[in-house]
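Throughout, a chain's letter reflects where its sequence line sits, starting with A, and its residues are numbered from 1.
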Protein chains: 2
Amino acid sequence: MKISEAAAQSGLSVDTIRFYERAGLLPRLHRGADGHRVFTPTDLRWLRMFERLRATHMPLKVIQSYVELSREPDSALERRAILEAHRAELDTQQAQIDACRELLDEKIRHYDGLTTLAKPPKKAG
Amino acid sequence: MKISEAAAQSGLSVDTIRFYERAGLLPRLHRGADGHRVFTPTDLRWLRMFERLRATHMPLKVIQSYVELSREPDSALERRAILEAHRAELDTQQAQIDACRELLDEKIRHYDGLTTLAKPPKKAG
DNA sequence: CTAGCAGGGTGGAGTTACTCCAGGTCAAGC
DNA sequence: GCTTGACCTGGAGTAACTCCACCCTGCTAG
C-alpha cells in the first residue's frame, strides 16, 4: 500500500504521515525498490491510532514513547498507564466542550432575543 | 485590576494575555500612569470568553473577527453565525473524543486481559 | 520516441499559538 | 540606599503541522 492510500484510509494527510515517520513514529516502515514508502496493514492500524490520539491532542512525544515501549516486552503496564492518563485527559476536554457549549448557547440565545425584539418595532420595550 | 489578577481570574497566563493584546483581541485595554495594563470587569469577561473559545480551539483570527464585529452595531447576525459555527465544531470534537475513548477502552481492556491472564501461570492457555 | 503529467521523494521555509527569557523600569519594604 | 518583586518590551524557541520548490520515475498520447 502506498502513501496516498494510507493517507486516505487513516484520515491523515500525506505530509503528516511523512512528518510522523521523520518523528520516529513508524520505525518499522519499509521502502520499495523505487524508494517509495510501503505501508502494511499493521502500519495502517498504527496510523489510525495516531489519528485518534492526535485528534484529541496527545503530544507526539507521548505517542512516540508509546511506540517505543511497544517494541519492548514487559512494558504492558507502562503502555496501559499512558492510555489511562489520556483517558483522563479526555474527561478534561469533555468538560471544556461542555463549558464552551454553555457559553455559546447563552450568547446565541442573547442574539436571538435581540432579533426577535427588533422585528416587532414596539412591544413592551 | 492588574495583569496577574486578570490571569488568575481568567485561567489564562500573563504571557498569553499580553500575546492576545498584541494580537488585537483587547482593543479597549487601558494603561495606568506607570504604563501597566489596567483590566476592567469587561476586559475580564472578554478574557474568560477567550479562554473558553481557545480551550475548544477556535482560531485566534476568528476570535479577532468576532471582537471587531462586536465594535460595530448591526453585526448581531454575523456574530451569531460565528458562534453557531463553533457550536457545530464542538460536536465534531465531541465525536473525536468519543472515538478516542472507544479506542482507549478497548486497548486498556486488552492490557487488563494480558495481566489477568499472566497472573495465573496456566489457565486454558 | 519524446513530451507531458501524476505521483512519489527530499529539504527547508512558513504558520499558529503560545512560552520562555534577557534586560529595563519603578514602587515598596527593610 | 538597596533589594525585591511585579510589571514592561522585544525577541527567540517550540509543537505540529502545512506548503513549497525542486528532483526522479513510470506511463500514456501523439
Side-chain angles (χ1 to χ4, degrees), chain A residues 1-26 29-40 43-44 46-68 82 86 89 92-93 96 100, chain B residues 1-26 29-40 43-44 46-68 82 86 89 92-93 96 100:
Chain A
M1 163 175 257
K2 52 188 188 171
I3 197 166
S4 57
E5 294 173 74
Q9 295 201 28
S10 65
L12 298 167
S13 77
V14 167
D15 269 322
T16 298
I17 292 174
R18 290 200 270 247
F19 175 77
Y20 286 176
E21 191 203 7
R22 268 187 248 174
L25 299 198
L26 295 164
L29 193 61
H30 292 299
R31 299 293 182 116
D34 53 0
H36 291 196
R37 295 169 182 84
V38 178
F39 295 81
T40 66
D43 294 326
L44 184 59
W46 276 109
L47 290 177
R48 288 202 169 117
M49 180 172 174
F50 298 161
E51 192 275 327
R52 288 197 172 185
L53 294 176
R54 284 296 309 140
T56 53
H57 318 105
M58 181 183 277
L60 278 193
K61 284 186 181 174
V62 177
I63 297 181
Q64 202 200 339
S65 64
Y66 184 90
V67 168
E68 276 169 25
I82 289 174
H86 191 59
E89 169 62 25
T92 304
Q93 292 178 27
Q96 286 168 339
C100 188
Chain B
M1 161 176 259
K2 54 190 187 167
I3 197 169
S4 58
E5 294 172 75
Q9 296 200 27
S10 67
L12 299 168
S13 77
V14 167
D15 270 322
T16 300
I17 293 174
R18 288 200 271 247
F19 175 77
Y20 285 175
E21 191 203 6
R22 267 187 248 174
L25 300 198
L26 294 163
L29 192 62
H30 292 299
R31 300 294 181 115
D34 53 1
H36 291 196
R37 293 168 182 86
V38 177
F39 295 80
T40 65
D43 294 327
L44 184 60
W46 275 109
L47 290 177
R48 288 203 170 116
M49 180 172 175
F50 298 160
E51 192 275 328
R52 289 199 171 182
L53 295 176
R54 285 296 308 137
T56 51
H57 317 106
M58 180 183 277
L60 278 192
K61 283 185 181 174
V62 178
I63 298 181
Q64 203 200 339
S65 65
Y66 184 90
V67 168
E68 276 169 25
I82 289 175
H86 192 58
E89 169 63 24
T92 304
Q93 293 179 26
Q96 287 169 337
C100 186

Passes side chain to side chain contact (heavy atoms under 4.5 Å, CB included), Tyr20(B) versus Thr16(B)? Steps please. CA-CA 6 Å; Tyr20(B) 285 175; Thr16(B) 300; 3.4 Å; yes

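Atoms CZ (Arg31(B)) and C1' (dT25(C)) sit 14 Å apart, rounded to a whole Å. Protein atom CZ of Phe39(A) is 12 Å distant from nucleotide atom C1' of dG9(C), rounded to whole Å. Distance, Lys2(B) NZ to dC26(C) C1': 13 Å, rounded to whole Å. Between the CZ atom of Arg18(A) and the P atom of dG7(C) there is a distance of 13 Å, rounded to whole Å. When the P atom of dT19(C) is taken as reference, atom CD1 of Ile3(B) falls 14 Å away, rounded to whole Å. One interatomic measurement links the two molecules: CD of Gln64(B) to P of dT16(C), which rounds to 11 Å at whole-angstrom precision. Between the P atom of dG9(C) and the CG atom of Leu26(A) lies a distance of 12 Å, rounded to the nearest Å.
Here Asp15(A) lies in heavy-atom contact (under 4.0 Å) with a base. Phe50(A) comes within 4.0 angstrom of nothing in the nucleic acid, heavy atoms only. Nucleic acid contact for Arg54(A): sugar-phosphate only, since backbone atoms but no base atoms lie under 4.0 Å from a heavy atom of the residue.
OP1 or OP2 of dT16(C) has at least one side-chain nitrogen or oxygen of Lys61(B) nearer than 4.0 Å. Look at Arg37(A) and you'll find a side-chain N or O under 4.0 angstrom from OP1 or OP2 of dG9(C).
With dC18(C), dG12(C), dA17(C) as the choices, the nucleotide that has an atom nearest any side-chain atom of Pro59(B) turns out to be dA17(C).
Bracketed by its first and final contacts, the part of DNA chain D lying under 4.0 Å from non-hydrogen atoms of chain B reaches from dC7(D) to dG10(D) in 5' to 3' order.
Between Arg37(B) atom CZ and Leu29(B) atom CG the span is 7.0 Å, to the nearest 0.5 Å. Here the SG-CE distance, from Cys100(B) to Met49(A), works out to 8.5 Å after rounding to the nearest 0.5 Å.
Annotation: of the two residues near DNA chain C, Met58(B) and Arg22(B), the 5′-most nearest-nucleotide partner is Met58(B). Residues Leu60(B) and His36(B) each lie close to DNA chain C; by heavy-atom proximity, the contact nearer the 5' end of the strand is made by Leu60(B).
Across Leu60(B) and Arg54(B), no two heavy atoms sit closer than the pair CD2-CD, 3.6 Å. Across Asp43(A) and Val38(A), no two heavy atoms sit closer than the pair OD2-O, 3.7 Å. What you find for Leu44(B) and Ala6(B) is that their closest heavy atoms are CD1-O, 3.9 Å.
In this structure, the side chain of Gln93(A) engages the main chain of Thr56(A) through a donor-acceptor pair within 3.5 Å.
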